[in-house]
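The structure under discussion appears below in the form of structure tokens.
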Amino acid sequence: MKSFIKFSKHLQCKPCVELEMAIDTLNPNYCRSKGEQIALNVDGTCADETSTYSSKLMDKQTFCSSQAASNVSRYAAAIYKKGELHLTPLHGILQLRPSFTYLDKADAKHREREAANEGGDSSQDEAEDDVKQITVRFSRPETEQARQRRVQSYEFLQKRQAEEHWVHLHYYGLKDSRSEHERQYLFSQGHGLAENTELIKSPSEYLMMLMPPSVEEENEKPMAPSNVLSMAQLRTLPLADQIKILMKNVKVMPFANLLSLLGSGTDPTAVLRCVQQVALLVQGNWVVKSDVLYPKDTSSPHSGVPAEVLCRGRDFVMWKFTQDRWVVRKEVAAVTKLCPEDVKDFLEHMSVARINKGWEFMLPYDEDFVKKHPDIVQRQQMLWMGIQAKLEKVYNLLKEHLTPKKQEAQSAHPLLVSGEQRVNMAKAKVKQNYGQLEKEFQKQKAEMKSNDTSAKTDVPNIRIKEEPVSEEEPMDTSAHEGLNNGLVNGLHPAQGSMEPVNGHLPGGCIDRVAQELKAFVSSTFKKQFVLTLSELKRLFNLHLASLPPGHTLFSGISDKMLQDMVLDTGCKQILVPFPPQTAASPDELKVYALWEAGDTYDQHRQVLLELFSKNYRVRRNVIQSQLSQECGEDLNKQEVDRVLKDCCVSYGGMWYLKGTVQS
């Protein structure tokens, strides 16, 4: 069996060893078909000097080293002989693991074949590729700083490592004379205790010398575990940090379980003091606070909503569980206005989904804790009252949200309802609601008639103030029909001056809404340059979710208002010729682009947008030639890349406007 070894000297104080060992292909346990398939994927059909497997068979395996421990000063190699224990200090421990770089080479071959297959789509494409413009540049002399950065770069170190020569490795058995010679270096050369003065000490002093207190542990505290908790490492941290890490990972925990994880001898009073800083009491169990899971300046991985909005939504879910054992997901989504993925994350933190019932709190009510610690329970109830008051202001909660629902006795097995039963239940509910609505309508109609009769007696004494009439919808100025005792569509104006009336906003609010909407559209298009109406509406909804309650933009923005504001801010609609079989929605077919941004690339972007108003997708060489022809100058690669990055995306070797790619 042949073996080769390579020592890398260019990885900045991190020694790297690569060991290449031959594989016994004649062994009955070796799968020859798999070996041939791997060699074919890596090297292809033609064999040359650069082939990894020259025999067209996977006949060797490379092992690459990695550091087994960061601090090896506390380790030693020991050998026992004739009642003597000889210790040799270690300066490094390397662990060899299989290297799979040949798979990267196989992936690169596969991508090259795919690129070659996609290269010539038609004869017209081949004709376009025949003529290519070549730009010749002379490299500038490399500065010392640039050279140092290049030498210290990861690509350079990897290249130097690959250039290292393989050294043939000779293996000597355990009983070989050379192995015995090397093993003698593990024994101490001193023969008398007089020479080893360090060992003439008390056992405690000798242990102190052998295992001195580590200074690094004081400076470098153990990192907080992320996915897997090491209990030995966790207990080296302060009590508050231990509780925070445990609650952040477990999310919901009874107090008894928390005490058992912290180990025997932990003061329960101190644990109670610390757990209240990172968790809230829900049904006698402790649930981690929202700001611990979603720190400041973070956002949702699903929707990009800021952490403040996520904390409010999760607090609402926790508060609902303080009122009831069950929570309905649709109700949470309707109140919080968050995306379904975020709401599902909230519920999975503290509850379990039950078929045809909703989400049930995952732990039973902890009566023992509630009875033993009434003062803690009372303090937590006061905290929840404050949170409830805050949620009422933010979400404008109704009475149906504040009062807990009365749940019927839940059976052990999930309730199964047939389709016919659901239809009958729905019909009965519709009849019941229809009767209530009919009664309310008749009552309102009677009140309106009484108001009309009282208003007609005072008509001569009433003056009607003339207001400018909207061009979109003429205003009804009839005296008797327009007077409803100061009511507008049945609502008194004092109930909310910010609400739209007949689809129009009050005059004082229109300017503020227009300014806010214009600021949002301008800032969005200066970052994106090209947006479909669908993507713009999505970004606008995310912007609304991050605004405080009562903001002027909550008064109602229609699609027409949004599109008119886009055109007013200097953007233009690009009529992209989508293919006839496109599955895009109407909002995805409307593409808007910022026509003038005020920089040096305005002309280039306009040429590019004109090109896409005639073509759904364009090749890069066509774009570059059109830019050079229209702008009258030869653009380098960086300038073309800048223009393409602002407006386009690449897919399958072609360029599309942003948001128009149909996969």
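Note that these values count all heavy atoms, side chains included, but never hydrogens, waters or copies made by symmetry. Counting begins at 1 with the first residue of the sequence.
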* Asked: How far apart are the C-alpha atoms of I557 and F520, what are their side-chain angles, what is the distance that settles it, and do they pass the side-chain contact (heavy atoms from CB on, under 4.5 Å) test?
  -> CA-CA 13 Å; I557 304 297; F520 164 75; over 6 Å; no

Min side-chain heavy-atom separation [X]-[Y] under 4.5 Å:
| X | Y | result |
| --- | --- | --- |
| M253 | L261 | yes |
| L272 | H373 | yes |
| L608 | L644 | yes |
| K518 | T569 | yes |
| L280 | W384 | yes |
| E360 | S351 | no |
| S290 | M318 | yes |
| R314 | V343 | no |

What distance separates [X] [atom1] from [Y] [atom2], expressed to the nearest 0.5 Å?
| X | Y | atom1 | atom2 | value |
| --- | --- | --- | --- | --- |
| K244 | L239 | NZ | CG | 13.5 Å |
| F255 | I376 | CZ | CD1 | 8.5 Å |
| L383 | L281 | CG | CG | 10.0 Å |
| K637 | R642 | NZ | CZ | 14.5 Å |
| L310 | D315 | CG | CG | 10.5 Å |
| L234 | L262 | CG | CG | 8.0 Å |

Does a sphere of radius 6.0 Å around [atom1] in [X] hold more than 12 heavy atoms from other residues, nucleotides or ligands, not counting ones at 6.0 Å or beyond?
| X | atom1 | answer |
| --- | --- | --- |
| K344 | NZ | no |
| Q378 | CD | no |
| K289 | NZ | yes |

Under 3.5 Å, is there a donor-acceptor pair between the side chain of [X] and the main chain of [Y]?
| X | Y | answer |
| --- | --- | --- |
| S522 | A519 | no |
| R619 | W655 | no |
| Q606 | W595 | yes |
| N249 | I245 | yes |
| T298 | P295 | yes |
| Q242 | L237 | yes |
| N636 | E639 | yes |
| N285 | Q283 | yes |
| D342 | L338 | no |
| T582 | F578 | no |

Please name the pair of heavy atoms, one in [X] and one in [Y], separated by the smallest distance, quoted to 0.1 Å.
| X | Y | value |
| --- | --- | --- |
| C648 | F612 | SG-CE1, 3.5 Å |
| L391 | W319 | CD1-CB, 4.0 Å |
| C274 | I243 | CB-CD1, 3.4 Å |
| M247 | A279 | CE-CB, 4.0 Å |
| L594 | L609 | O-CD1, 4.4 Å |
| L517 | L553 | N-CD2, 4.0 Å |

* With P254, the side chain to side chain contact (heavy atoms under 4.5 Å, CB included) member among L259, D366, D368 -> D366

* **M350, R354, R329 screened by side chain to side chain contact (heavy atoms under 4.5 Å, CB included) with W359, the one that passes** => R329

* Intermediate values then yes/no, side-chain contact (heavy atoms from CB on, under 4.5 Å), Q276 and R379 -> CA-CA 10 Å; Q276 294 181 71; R379 190 180 302 120; 3.3 Å; yes

* Any idea how F321 and F361 line up, ring-wise: parallel (<30°), tilted (30 to 60°), or perpendicular (>60°)? -> tilted

* Geometric class of the Y395/F316 ring pair [parallel <30°, tilted 30-60°, perpendicular >60°] -> perpendicular

* Determine, stepwise, if the pair D599 / K526 fulfils salt bridge (Lys or Arg N to Asp or Glu O under 4.0 Å). => CA-CA 11 Å; D599 56 10; K526 285 182 180 179; over 6 Å; no

* Could you tell me which residues satisfy side-chain contact (heavy atoms from CB on, under 4.5 Å) with K537, sequence neighbours excluded, listed by chain and number? => L533, D559, L562, D587

* Asked: Between K320 and E331, does a salt bridge (Lys or Arg N to Asp or Glu O under 4.0 Å) hold up when you go through it step by step?
  -> CA-CA 10 Å; K320 289 290 291 182; E331 180 184 347; 3.0 Å; yes

* Asked: Please walk me through it: do R97 and C64 pass side-chain contact (heavy atoms from CB on, under 4.5 Å)?
  -> CA-CA 5 Å; R97 296 180 178 179; C64 187; over 6 Å; no

* How far apart are the C-alpha atoms of L293 and K248, what are their side-chain angles, what is the distance that settles it, and do they pass the side-chain contact (heavy atoms from CB on, under 4.5 Å) test? -> CA-CA 7 Å; L293 292 179; K248 188 175 181 180; 4.0 Å; yes

Please determine if [X] and [Y] form a salt bridge, counting it only when a charged side-chain N lies under 4.0 Å from a carboxylate O.
| X | Y | answer |
| --- | --- | --- |
| R512 | E516 | no |
| R605 | D646 | yes |
| D564 | K560 | yes |

* Assess whether salt bridge (Lys or Arg N to Asp or Glu O under 4.0 Å) is satisfied between E535 and R538, documenting all intermediate values. => CA-CA 5 Å; E535 179 66 13; R538 187 186 72 85; 2.8 Å; yes

* Step by step, would you call Y592 with Q563 a side-chain hydrogen bond (donor to acceptor under 3.5 Å, both in side chains)? -> CA-CA 9 Å; Y592 296 93; Q563 295 178 69; 2.9 Å; yes

